[in-house]
Amino acid sequence: MEQIKNAKVTVVNATTDLVTVSVEGDIVSVDLETSGLDWQRNEVLLISIADSSQTSIVLDVSSVNPHELRAWLHRNLFGRLIVGHNLSFDLKFLTRVYDFDLRSCAYYDTMLAEIVLFAGLDYGNSLKEIVARRIGLELDKTIRADFTAFGRTLTMTDTHYRYASLDALTTLAVRELQLVDLRTNELEQIAELEMRLLPVVVEMELGGVPFDWQRFETFVSVLHEKRTLAERLMQEALQPAALRIAEHQSRHTPQLFVVPQTININSKPVCKDGVWNYRQLWPVLQQYGIEIVDKDGNPSLSAKDMQRWDAAHTVDAAIPPEAEALLQSYRQYRNPLLNLYAYTIAIHKLDDSFGKTLREMYHNGRLYPWFKQLGAKSTGRFSSNLQQLPKDEKIKPLGLPSLRQCIAAEPDHSLVIADFAGIELVILADMSGDEVLGDLIVRSARGEEDIHLYVVRQAFGDLHPEAKNATLDKKKVAPYSLLRNAAKPTSYGIAYGITGMALSETISQQLAPLGVTCTPEQAQQIIDNWKQKAFRKAGAWLDKTAQQGQRLGYVRTALGRKRMFDLRNADRKALSAIGREASNAPIQGTCADMLKLAMVYVAKDLDPARARLILTVHDELVLHATNDYAQEASMILKQSMEKAARKCMPRMGQYVVVEPAISSCYDK
DNA sequence: CGATCACGG
DNA sequence: ACGCCGTGATCG
């Protein structure tokens with residue numbers, strides 16, 4: 001600690017200094033001070049570099065020649081191990097501003113390491129928190145505000161230089177402590193995977209996602225057209241009821257007999273300046289006899305509660321004839337008014353969620369989403385702000401053009417898209433050693449059997465007399481298709497620790513068209529059948545893993561990634577939550593291990609001049625490749641993913657077959 | 001800022 | 001108390 005505070009700091013604020021100053025040793029830590037968090041728009045102000053001899057160099061970039069600085073950085077960083085906290089941030093700036101060669105170095109990120117070490121626990125992962133926890137040093141971050149407030153016009157003082165040097169010096173010390181912990185926790189392999197993945201993720205973020213703006217503009221204009229239309233029709237359909245309420249609220253509202261611009265219910269605006277506040281519509285719908293409540297009896301307009309209500313009630317409410325045309329391919333509900341309402345909500349959500357965010361993400365022909373390779377509480381999966389893009393099946397019934405097709409290959413390029421099919425059940429079969437489940441998956445992949453129909457035959461007998469006859473040839477005909485759709489969430493739900501109560505809701509929803517309702521007792525029976533009869537080993541493994549989490553306080557994935565649980569003060573409720581999380585974490589986490597391993601493989605084997613990774617979505621990878629290379633790139637992708645599967649699954653890995661698709665856009 | 005609503009896996 | 005992991009937007 002004293003060593004850090006007394007470290008020698010060399011400030012470089014003249015181009016001539018670059019000749020005399022250089023970095024020593026194989027391991028250096030790097031930390032940037034920038035004018036903001038946006039790597040595309042903000043500037044680099046200071047570059048702080050420390051080495052293991054506890055000396056530190058601070059480069060004041062505005063006072064040195066940028067070309068000289070670029071050459072200096074290349075000379076001094078090339079081939080070294082670069083240490084930093086949240087290095088992704090620094091590397092994006094260095095690459096954008098100084099053409100830093102990402103592939104020329106190895107990396108160690110103290111933030112990633114700390115998350116790997118404490119995954120699942122509610123620990124802070126900022127450098128300030130880590131340093132306070134591990135070294136007992138309070139880093140004063142208040143001066144950072146100077147950089148963002150003044151940017152290039154800031155007059156640098158010794159205080160600024162010393163502040164900049166401190167982060168770089170402390171990360172080196174933090175790394176030393178973490179290396180010991182990684183070893184004792186047997187997390188070295190997983191940490192190495194994350195560190196090797198880091199530059200791959202940075203390249204992906206830097207490159208962006210090719211995006212057809214023209215197509216997106218069309219999408220947005222149709223979206224707005226439908227939104228306006230839906231709102232107008234909604235207003236027409238609901239006006240009589242709204243007026244009755246408005247009259248009731250205020251006896252003197254003659255102006256409301258013209259088309260109302262503002263309607264208040266319980267002093268909250270339902271329709272203001274022609275814009276519907278659709279969450280406040282419950283009292284209006286109530287006027288039509290539509291009184292939807294959740295399971296506690298409270299007013300609700302969520303899809304789940306609406307569906308349940310709709311299945312049991314009919315109501316005599318007309319919608320404008322024009323609305324029939326709008327809703328012709330959108331048939332969520334029997335009740336036309338609910339259907340129009342649901343349509344309006346769906347359009348609103350799409351506009352809110354994507355109209356604006358995709359626009360902000362767009363820059364010069366590409367989208368620039370962010371990717372976090374680890375979240376603080378994570379099982380190992382990526383998170384990103386571009387992994388909830390609606391699929392065409394959701395969008396087409398609304399009468400909108402595809403949104404996914406806006407992600408389109410650039411001229412002379414193609415997208416290569418590949419995913420692991422049904423991988424969670426494969427992992428469950430592998431980890432539990434369940435031969436029945438494993439055999440079923442292998443035969444399903446060959447097209448000889450269907451795992452979900454098998455579940456229907458084995459566990460749905462009580463619900464439907466035809467369940468026993470659900471064979472492969474009847475996969476697409478009613479009632480077998482519907483039963484199959486109900487079995488799908490059953491298997492996944494069980495892997496996530498679903499209860500009879502929740503499963504009965506899901507199954508009832510799926511089987512509503514058959515007039516079948518599933519009681520919580522029947523659903524519990526299905527779960528018991530699944531776990532104790534159909535797939536005994538998988539069921540036992542899930543229970544055993546839940547207990548391991550509850551007793552040991554952690555579980556591990558195939559590659560040894562740990563997910564930890566805080567057992568202190570865990571009451572019954574918390575403990576059962578730990579059980580569900582613990583049985584799921586190895587499955588979800590192994591999937592993440594596999595995909596990350598595949599990303600490292602594919603980045604190593606692809607020709608970077610002709611192909612690159614653009615997206616990763618849990619069990620899916622997408623490449624952008626030149627047309628003359630797309631075929632070869634798809635083979636590399638296939639082999640990388642299959643190799644990763646074999647590495648993570650000793651039993652089932654050999655049966656995993658990946659079939660990449662080559663397409664002009666993100667749409668399989 | 002947490003809860004609730006969508007969307008993805 | 002009752003399904004795992006995320007994202008964004010809205011509301012009180």
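Chain letters run A, B, ... following the sequence lines, proteins first, then strands; residues in each count from 1. Not measured: the values here are computed from a predicted model.
Residue A:Thr499 places at least one side-chain N or O under 4.0 Å from the OP1 or OP2 atom of C:dG3.
As rounded to whole Å, 13 Å separates atom P of B:dC7 from atom CZ of A:Arg404. For A:Leu374 and C:dG6, the CG to C1' distance is 13 Å, given to the nearest whole Å. Between A:Gln588 atom CD and B:dG8 atom C1' the separation is 12 Å, expressed in whole Å. Between the CD1 atom of A:Ile407 and the C1' atom of B:dG8 there is a distance of 12 Å, rounded to whole Å. Distance CG (A:Leu503) to P (C:dC2): 16 Å, rounded to an integer number of Å. At whole-Å resolution of the value, CG in A:Leu595 and P in C:dC5 are 19 Å apart. Taking atom CZ of A:Phe420 as the reference point, atom P of B:dG9 lies 16 Å away to the nearest angstrom. One atom, CZ of A:Phe371, and another, P of C:dG6, lie 17 Å apart when rounded to the nearest Å.
A salt bridge links A:Arg484 and A:Asp450; the closest N-O separation between the charged side-chain nitrogens and carboxylate oxygens is under 4.0 Å. Salt-bridge check for A:Asp593 with A:Lys647: failed, with every basic side-chain N at 4.0 Å or more from each acidic carboxylate O. The pair A:Asp351-A:Arg227 counts as a salt bridge, with a side-chain nitrogen and a carboxylate oxygen less than 4.0 angstrom apart.
Looking only at side-chain heavy atoms (C-beta outward), A:Leu198 and A:Ser88 come within less than 4.5 Å of each other.
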task: List the steps, then state whether ring pair (Phe, Tyr, Trp, His ring centres under 6.0 Å) holds for A:Tyr554 with A:Phe565.
output: CA-CA 6 Å; A:Tyr554 71 88; A:Phe565 306 98; 9.0 Å; no
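Using a 4.0 Å cut-off on heavy atoms, the residues of residues 389-403 of chain A that approach DNA chain B are A:Leu389, A:Pro390, A:Lys391, A:Lys394, listed by number. Within residues 561-587 of chain A, no residue is approached by DNA chain B to less than 4.0 Å at the level of any non-hydrogen atom.
Within 4.0 Å (heavy atoms only), A:Gly497 reaches sugar-phosphate atoms of the nucleic acid but no base atom. Base engagement by A:Tyr492 is indicated by at least one non-hydrogen atom pair under 4.0 Å involving a base atom.
Distances were taken from every side-chain heavy atom of A:Thr506 (C-beta onward) to each of B:dG9, C:dC5, C:dG3; the shortest belongs to C:dG3. With distances taken from any side-chain atom of A:Val617 to the nucleotides B:dG9, C:dG3, C:dT7, the minimum falls on B:dG9. Distance from the side chain of A:His618 is smallest for B:dG8 among the nucleotides C:dC4, B:dG8, C:dT7. In the set B:dG9, C:dA9, C:dT7, B:dG9 carries the atom at the smallest distance from any side-chain atom of A:Asp619. Considering only the side chain of A:Lys372, C:dT7 comes nearest among B:dG8, C:dG3, C:dT7.
In this structure, A:Ser444 contributes its side chain and A:Ile451 its backbone to a donor-acceptor pair below 3.5 Å.
Looking at A:Asp667 and A:Gln405, their side chains do bring a donor and an acceptor atom within 3.5 Å of each other.
The nearest pair of heavy atoms linking A:Met111 to A:Asn125 is CG-O, 3.8 Å.
Judged by the 6.0 Å and 45° rule, A:Lys596 forms a cation-pi pair with A:Phe382. For A:Lys537 and A:Trp541, the positive end is not near the middle of the six-membered ring at less than 6.0 Å and at most 45° from its axis.
Distance check on atom P: B:dA6 versus C:dA1 gives 24 Å, rounded to whole Å.
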